[in-house]
Amino acid sequence: MTSVRNLARIVSDHSVGRLHKCCVVRPVISSTLSASHASSFSRGPAHMWSTVRRFGQPAAQTHPHLLSSGEVTPGITKEEYRGRRSMLVSLALKSTKGVNAVKDHIFVFPSASKVYMTNDIPYPFRQNTDFLYLSGFQEPDSVLVIQSCSPDESSGNDHKSFLFVPKKDPAKELWEGPRSGVEGAITLTGVDDAFNFDQLEKFLEQWCKDYNQFMLWYDYVQPVQSYFHTHVMSQVICQERHKAIENTTRLMHHLRVKKSPAEVELMRQSIEIASESLVEVMKFSRPQVNEAHLWAKMDFECRIRGAQFLAYPPVVAGGARANTIHYIANNQVVADGDLVLMDAGCELHGYTSDLTRTWPVSGRFSPAQRELYEATLAVQKACIALCTLSHSLDDVYRQMLVLLGMELQKLGIIPHEASVSDVIKRSRYPVSSPCWPLSGHGPSTILCDFSRSNKLQPGMVVTVEPGIYIREDDTSVDQKYRGIGIRIEDNILITESAPVNLSQKCPKTVEEIERILSGQ
C-alpha cells in the first residue's frame with residue numbers, strides 16, 4: 001500500500017494525481033493512484049502559455065466588454081460555479097446518508113455534442129443545461145467529473161472537479177474556431193484540473209480500480225452523449241464496482257429552481273430584452289401579416305439587443321389557431337379582425353425569458369375580444385398576487401380555476417347556477433392555464449421538476465399564464481366568442497415579501513396595447 005507520505009508526493013505532480021489530493025488525509029483508502037499512472041496523464045511542457053490566449057468561448061481576456069475578471073459567464077464568477085458544485089455534493093451526501101458503506105461519490109456530467117443537419121453543416125450549438133450550470137464551459141463533447149472528498153482544513157473544499165475537453169487541434173481550429181484546451185479550460189472555469197477528452201476512459205477505469213462501494217451519479221435514463229454512454233459509461237456501470245447508481249436529474253432540479261442574485265439579474269435582462277422585442281413585434285403587425293414574419297421580427301429584435309437566440313420555437317398563432325396551445329407551424333396569415341397570440345422568449349448567456357401577449361392585428365379589440373381579454377387579465381393579476389411564500393403552485397392553480405370560472409359565468413359562457421365544483425371542472429376546458437417554475441437554462445428544460453404542492457420559496461422564478469381558449473365549433477358558447485384564444489404570461493420572482501413581476505415593462509392592458517398599435 002502506498003504510504004500517506006508517498007501519496008502526498010504523487011498528488012503534488014502536475015497530473016491526474018490531483019484526483020487524490022483531497023484524500024491525502026484518508027489512509028483508509030485501500031489503493032491509490034500509482035506514480036506511473038499519474039505520469040501517464042501529465043500534460044507536460046507542450047501546454048505552456050503563449051503571450052496571447054484564445055479560448056473556445058468569450059473570456060474576460062478576449063471579451064472585456066462582456067465579462068469582468070473572474071467571471072465565467074457575464075455576472076457569474078468562478079466562485080459561484082464552485083459553490084454550485086459544492087452544494088451538489090452536499091445535497092447528494094444528505095440524500096444518501098442512510099446508505100451503508102458508501103464513503104465516496106463520483107458525479108459524471110457530459111456536455112452536449114455538436115449535431116449535424118447534413119455532412120459538415122451543424123445545427124446551432126447549445127450547451128447541455130446541467131453541464132453548463134455546474135461549469136460554465138461552452139464547448140461541445142466535454143465531460144465534467146466531480147469527486148467528493150473530506151473537506152480540506154485550509155480551504156474547506158469538499159470536492160474536486162475535473163473537465164475533459166476537446167484536444168487542441170490547429171487543423172480543426174482553422175475551420176471551426178479556437179478550442180480552449182486543458183489550460184484554457186482551467187483558466188476559464190476554475191475547475192481543479194482539466195485533461196483531453198481522450199483520456200477520460202482511462203481516468204474512469206483507474207478510478208473504479210482505486211475505489212470500491214462508491215456512489216455513481218449519472219443520468220443514465222436520458223443520456224446526453226449517446227456514444228459516450230454506450231462505449232464508456234455503460235462499461236463503467238457493468239463493472240459493478242459502485243454500491244449504487246443514482247440519476248442526477250432530481251439533484252440538479254433541486255439546485256436550479258432557486259436563483260442566486262446574479263442569476264436573477266441575468267434573467268431580468270433576458271426578460272427585458274424579450275419585453276422590448278415584443279413591443280416592436282406589436283408595432284410591426286398588421287392585417288394579413290404572415291406569422292413567420294412576426295417570428296422573424298421577434299428573433300431579430302432579441303438578437304440586436306444582445307440575446308444569443310430565441311429560448312424555444314415561438315408560438316405565433318393567429319385567430320382560432322391560438323386554441324392549439326403549442327402551435328408552432330407559424331405559416332399562416334393573420335386575418336383582419338383576428339387576434340394574434342405570441343408566446344416567445346429569448347436566451348441570454350444561458351438564461352431564458354418566457355412571455356405571452358395577445359393583441360389585435362387591426363389595432364383595436366372587438367367588444368367580444370375585449371371582454372375575454374379583460375377577464376383573462378383580471379385573473380392573471382389576481383394569481384400574481386398569490387405568488388407568495390404562503391402558497392404553492394397548486395394553490396395558485398386551483399384559485400385560478402375558480403376565478404376563471406367566475407369570469408366566464410359573468411360572460412354567460414358557464415351557467416350562473418353552476419356549483420363551485422362544476423365551475424372548476426368546466427374551467428379546465430375551454431380554459432387552461434398552467435403555472436410553472438421557470439428555470440434559466442434552455443428551451444428543452446425551461447421547467448424544473450419542482451413539486452407543485454411545495455410552498456413557493458424566495459429566489460424562485462415562475463410563470464403565471466392564464467388563458468381562455470374557445471373552439472370554433474363549440475356551439476354551447478355564444479357565436480361572438482367562438483374561435484378566440486387568449487393567453488397572458490409574465491415571469492414572477494418570488495421574494496420574502498411581495499412577488500416581483502420581472503416582465504412588467506411589457507404592455508398588457510387593453511389601453512396600452514391599443515396605444516402601441518396606433519403608433520402613439
Side-chain angles (χ1 to χ4, degrees), residues 43 47-85 111-112 114 122 124-129 131-142 144 161-163 165-170 172-194 259-277 299-311 345-353 440-442 502:
R43 288 188 292 273
H47 299 275
M48 297 298 291
W49 278 83
S50 60
T51 54
V52 178
R53 184 79 202 185
R54 301 177 71 201
F55 301 95
Q57 67 187 72
Q61 297 92 322
T62 58
H63 292 67
H65 59 290
L66 283 181
L67 297 107
S68 300
S69 178
E71 292 180 345
V72 184
T73 301
I76 304 181
T77 63
K78 298 174 185 178
E79 289 73 23
E80 179 159 337
Y81 280 106
R82 174 171 284 279
R84 293 175 182 180
R85 296 190 291 268
S111 76
K114 189 178 291 187
F125 177 76
R126 190 199 179 277
Q127 188 55 279
N128 173 262
T129 297
F131 178 89
L132 184 64
Y133 181 82
L134 293 171
S135 69
F137 196 62
Q138 291 279 7
E139 293 184 40
D141 301 312
S142 304
L144 173 69
S161 53
F162 310 91
L163 271 175
V165 302
K167 189 176 183 178
K168 295 287 289 181
D169 186 329
K172 288 187 176 181
E173 291 178 62
L174 179 65
W175 289 92
E176 300 174 358
R179 296 178 176 180
S180 299
V182 291
E183 294 287 0
I186 296 173
T187 301
L188 279 170
T189 66
V191 293
D192 296 292
D193 219 334
K259 307 303 175 191
S260 71
E263 290 181 291
V264 170
E265 174 58 23
L266 276 174
M267 294 191 77
R268 184 191 63 78
Q269 294 176 30
S270 175
I271 292 164
E272 285 193 359
I273 289 173
S275 298
E276 293 174 4
S277 299
D299 192 14
F300 170 77
E301 295 292 343
C302 287
R303 287 176 185 265
I304 64 170
R305 286 170 171 79
Q308 282 71 55
F309 33 71
L310 294 183
C346 64
E347 181 167 324
L348 178 70
H349 308 306
Y351 288 82
T352 60
S353 45
H441 284 283
L502 297 175

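- Rounding to the nearest 0.5 angstrom, the gap separating the OG1 atom in Thr352 from the CZ atom in Phe309 is 10.5 Å.
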From CA spacing to verdict: side-chain contact (heavy atoms from CB on, under 4.5 Å), Asp169, Arg179: CA-CA 8 Å; Asp169 186 329; Arg179 296 178 176 180; 3.9 Å; yes
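- With a 4.5 Å cut-off on side-chain heavy atoms, Leu188 and Phe137 count as touching.
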Check the pair Leu266 / Lys259 against side-chain contact (heavy atoms from CB on, under 4.5 Å), numbers first and verdict last. CA-CA 10 Å; Leu266 276 174; Lys259 307 303 175 191; over 6 Å; no
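- Closest of all the heavy-atom pairs between Leu348 and Gly306 is CD1-O, 3.4 Å.
- For Leu144 against Ser161, the heavy-atom pair with the smallest separation is CD1-CB, 4.3 Å.
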Kindly indicate, with the supporting measurements, whether the criterion salt bridge (Lys or Arg N to Asp or Glu O under 4.0 Å) is fulfilled by Asp192 and Arg82. CA-CA 10 Å; Asp192 296 292; Arg82 174 171 284 279; 2.9 Å; yes
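- Listed here is the closest heavy atom pair of Ala274 and Cys346: N-SG, 4.1 Å.
- For the pair Arg85/Val191, a side-chain contact is recorded, criterion being any heavy-atom separation below 4.5 Å from C-beta on.
- If you take OG on Ser275 and CG on Leu502, they are separated by 9.0 Å, rounding to the nearest 0.5 Å.
- Side-chain contact check for Cys302 versus Leu310: some heavy-atom pair is nearer than 4.5 Å.
- Each of Gln57, Lys168, Glu139 was checked for a side-chain hydrogen bond (donor to acceptor under 3.5 Å, both in side chains) with Ser180, and the lone residue meeting it is Glu139.
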Report the C-alpha distance between Tyr351 and Ile271 in whole Å, list the side-chain angles of each, state the deciding distance to 0.1 Å, and finish with yes or no for side-chain contact (heavy atoms from CB on, under 4.5 Å). CA-CA 9 Å; Tyr351 288 82; Ile271 292 164; over 6 Å; no
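- Taking a cutoff of 4.0 Å between a charged side-chain nitrogen and a carboxylate oxygen, Glu173 and Arg54 do not qualify as a salt bridge.
- Separation of atoms CD (Glu71) and NE2 (His63) is listed at 13.5 Å; rounding is to 0.5 Å.
- Atom CD of Glu265 and atom OG of Ser260 lie 10.5 Å apart (nearest 0.5 Å).
- No donor-acceptor distance shorter than 3.5 angstrom exists from the side chain of Ser353 to the backbone of Gly345, with no hydrogens or angles considered.
- Of all heavy-atom pairs spanning Val165 and Ser142, the tightest one is CA-OG, 3.8 Å.
- Leu134 CG to Asn128 CG: the interatomic distance, rounded to the nearest 0.5 Å, is 9.5 Å.
- Only one option out of Glu347, Gln138, Gln308 pairs with Arg126 in a side-chain hydrogen bond (donor to acceptor under 3.5 Å, both in side chains); it is Glu347.
- Between Gln269 and His349 the shortest side-chain heavy-atom distance does not fall below 4.5 Å.
- Considering all non-hydrogen atoms of both residues, Ile273 and Ala307 come closest at CD1-N, 4.2 Å.
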Arg305 vs Glu272, side-chain contact (heavy atoms from CB on, under 4.5 Å): CA-CA, chis, key distance, verdict: CA-CA 10 Å; Arg305 286 170 171 79; Glu272 285 193 359; over 6 Å; no
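- Note that the CG atom of Leu67 and the OG1 atom of Thr62 stand 8.0 Å from one another [nearest 0.5 Å].
- For Pro140 against Gln127, the heavy-atom pair with the smallest separation is N-NE2, 4.4 Å.
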